[in-house]
Visitor: 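My questions will all concern the structure given below.
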Amino acid sequence: MKEPPGFLAACRRQPVRCTPIWIMRQAGRYLPEYRAIRSRIPFLDLCKDPALAAEVTLQPVRLLGVDAAILFSDILIPLEAMGVRLRFTPAPLLENPVRDRKEIEALRIPDPVGDLSFVLDTIRILRRELGGTPLIGFCGAPFTLACYLTEGKGSRDFATVKKMMFSEPELFRALMEKLTAMSIAYLRAQIEAGVQAVQIFDTWAGILAPADYGEFVLPHLRALIRGLDRGATPVILFIKGVGGLLELIRDCGADVLALDWMVSLERARRLLGTEIAVQGNLDPALLLTPKPRIEAAVQRILEENGGRPGHIFNLGHGILPATPVDHVRFLVETVHRLSAAEIAWPLTKGKE
Ligand code: CP3
């Protein structure tokens with residue numbers, strides 16, 4: 001589709017001509033082209049139709065000029081293959097939540113090739129269609145999947161999983177180990193099918209005290225990343241509310257840490273050191289505001305990064321459905337323009 005934009009180079013902390021950008025939930029309801037397809041087909045059916053899932057994955061690449069594509073699917077899709085009855089309204093609903101030993105033991109570990117072949121077929125179509133634009137695969141992290149599995153739906157505090165974690169740690173561990181094994185097989189299959197980077201969404205891990213995160217969750221995340229046997233494929237980790245976990249997370253094995261907007265890029269960089277790249281971290285609400293506001297916010301984030309290699313621009317969480325598409329296009333263009341000027345400046349200066 002276009003020449004390599006530097007997304008993979010930035011994941012590896014190599015120098016780039018300008019800061020690459022992609023957007024969490026870049027295929028979605030804010031795009032009229034997505035809504036047109038969704039008006040004809042339910043969300044789950046769309047995820048399971050490789051030709052259509054590939055088409056909606058490509059929409060933001062064509063319409064916005066982002067520097068990476070992310071596979072169109074959902075983190076809860078493999079739970080269906082584990083035996084969970086899943087509905088989207090569009091918020092997810094799990095009809096048979098998993099709360100005791102019998103229910104955990106009944107969860108099966110899917111064979112991605114047999115049970116999730118539609119995901120792998122979508123990846124193969126996309127690699128043909130995308131040309132030089134890299135494709136990101138993904139999964140939910142074990143803790144975030146456990147949040148939905150135990151609660152059966154979204155929640156503000158996910159008290160069910162916390163209660164299990166604190167009062168029945170053996171049971172919680174059995175659940176986490178099963179989800180880790182599933183995720184390793186699932187991401188390995190995605191990499192085999194052609195994704196060039198993977199993002200692990202641990203969206204809800206930020207609701208834990210750092211000590212509890214370190215004791216109950218981090219060991220499983222490390223095991224997941226170690227188990228990928230991924231060669232050069234970069235791993236990106238996203239946690240909403242990661243600011244309190246930075247020191248714990250820096251050695252988890254991920255190549256890139258995705259940051260939300262509640263932590264400054266400058267502080268995160270200072271605490272993380274130079275061995276890990278960062279992604280982020282614009283507040284999605286800023287895309288609802290006039291262009292000069294958006295431009296100023298981009299400038300501030302680039303300044304906070306201070307020209308360090310290994311920065312991928314993104315939002316700090318998913319794009320809001322009310323976002324004007326024109327503002328997203330402006331964001332992509334502004335990140336490229338301002339970062340190119342900033343990066344070129346020291347290079348030119350050095351030659352004088
Ligand atoms: O463009 C992309 O980012 C790729 C596709 C993608 C979706 N969900 C599509 C989707 C990805 C990477 C996800 C991840 C996901 N899903 C997460 C982790 C990231 C995050 O946002 O925190 C979580 C927690 C979920 C679970 C989920 N799926 C929720 C809570 C919802 C409903 C509310 C919402 O945010 O839209 C979904 C449904 C969903 N997943 C939609 C899309 C495009 C909307 C469905 C529709 O079209 O009606």
Side-chain angles (χ1 to χ4, degrees), residues 21-49 52-64 66-80 84 86-94 118-119 122-123 126 133 135-149 151-156 158 161 179 183 186-187 190 195 197-207 236-242 258-261 279-281 284 314-323 325 328:
I21 172 171
W22 68 279
I23 291 162
M24 283 198 273
R25 293 288 181 93
Q26 63 190 17
R29 283 167 293 176
Y30 74 104
L31 280 179
E33 291 81 355
Y34 173 81
R35 288 200 303 272
I37 291 182
R38 266 285 279 114
S39 67
R40 296 190 268 119
I41 182 168
F43 175 67
L44 262 180
D45 295 349
L46 174 53
C47 291
K48 292 177 187 174
D49 182 318
L52 279 181
E55 173 58 27
V56 293
T57 304
L58 291 168
Q59 284 176 347
V61 179
R62 293 189 184 123
L63 294 163
L64 310 170
V66 288
D67 298 314
I70 180 159
L71 171 71
F72 188 82
S73 185
D74 195 87
I75 61 165
L76 303 178
I77 290 278
L79 299 185
E80 213 184 21
V84 172
L86 183 62
R87 280 196 290 142
F88 285 89
T89 63
L93 261 183
L94 289 68
F118 54 89
V119 174
T122 307
I123 293 169
L126 282 166
T133 303
L135 176 63
I136 305 168
F138 69 89
C139 72
F143 178 73
T144 291
L145 293 179
C147 284
Y148 286 101
L149 264 180
E151 201 70 46
K153 56 183 186 334
S155 158
R156 224 187 306 156
F158 288 105
V161 78
L179 291 169
S183 303
Y186 186 40
L187 284 186
Q190 290 186 33
V195 302
V198 293
Q199 178 151 321
I200 300 172
F201 287 94
D202 210 353
T203 304
W204 301 119
I207 64 172
I236 309 168
L237 173 67
F238 169 71
I239 297 177
K240 174 98 183 294
V242 76
L259 304 166
D260 61 73
W261 60 95
Q279 179 174 282
N281 65 345
N314 204 318
L315 308 183
H317 199 185
I319 192 166
L320 300 168
T323 305
V325 178
V328 191

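Counting starts at 1 for both ligands and their atoms, in listed order.
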Visitor: Looking at residues at least two apart in the chain, or sitting in another chain, which of them share a salt bridge (charged side-chain N to carboxylate O under 4.0 Å, His left out) with Lys48?
Guide: Glu80
Visitor: Can you label the angle between the Phe201 ring and the Phe238 ring as parallel, tilted or perpendicular, going by 30° and 60°?
Guide: perpendicular
Visitor: Write out the protein residues near ligand 1, meaning a non-hydrogen atom under 4.0 Å from one of its atoms, in order of chain and number.
Guide: Arg25, Gln26, Ala27, Arg29, Tyr34, Arg38, Phe43, Ile70, Leu71, Phe72, Ser73, Asp74, Ile75, Phe88, Pro90, Ala91, Pro92, Phe138, Tyr148, Phe201, Thr203, His317
Visitor: Between Gln279 and Gln199, is any side-chain donor less than 3.5 angstrom from a side-chain acceptor?
Guide: yes
Visitor: Can you name the side chain to side chain contact (heavy atoms under 4.5 Å, CB included) partners of Arg29, sequence neighbours left out?
Guide: Tyr34, Pro90, Pro321
Visitor: Who pairs with Glu151 by salt bridge (charged side-chain N to carboxylate O under 4.0 Å, His left out), at least two apart in sequence or on another chain?
Guide: none
Visitor: So do the side chains of Cys47 and Thr122 get within less than 4.5 Å of each other, counting heavy atoms only?
Guide: no
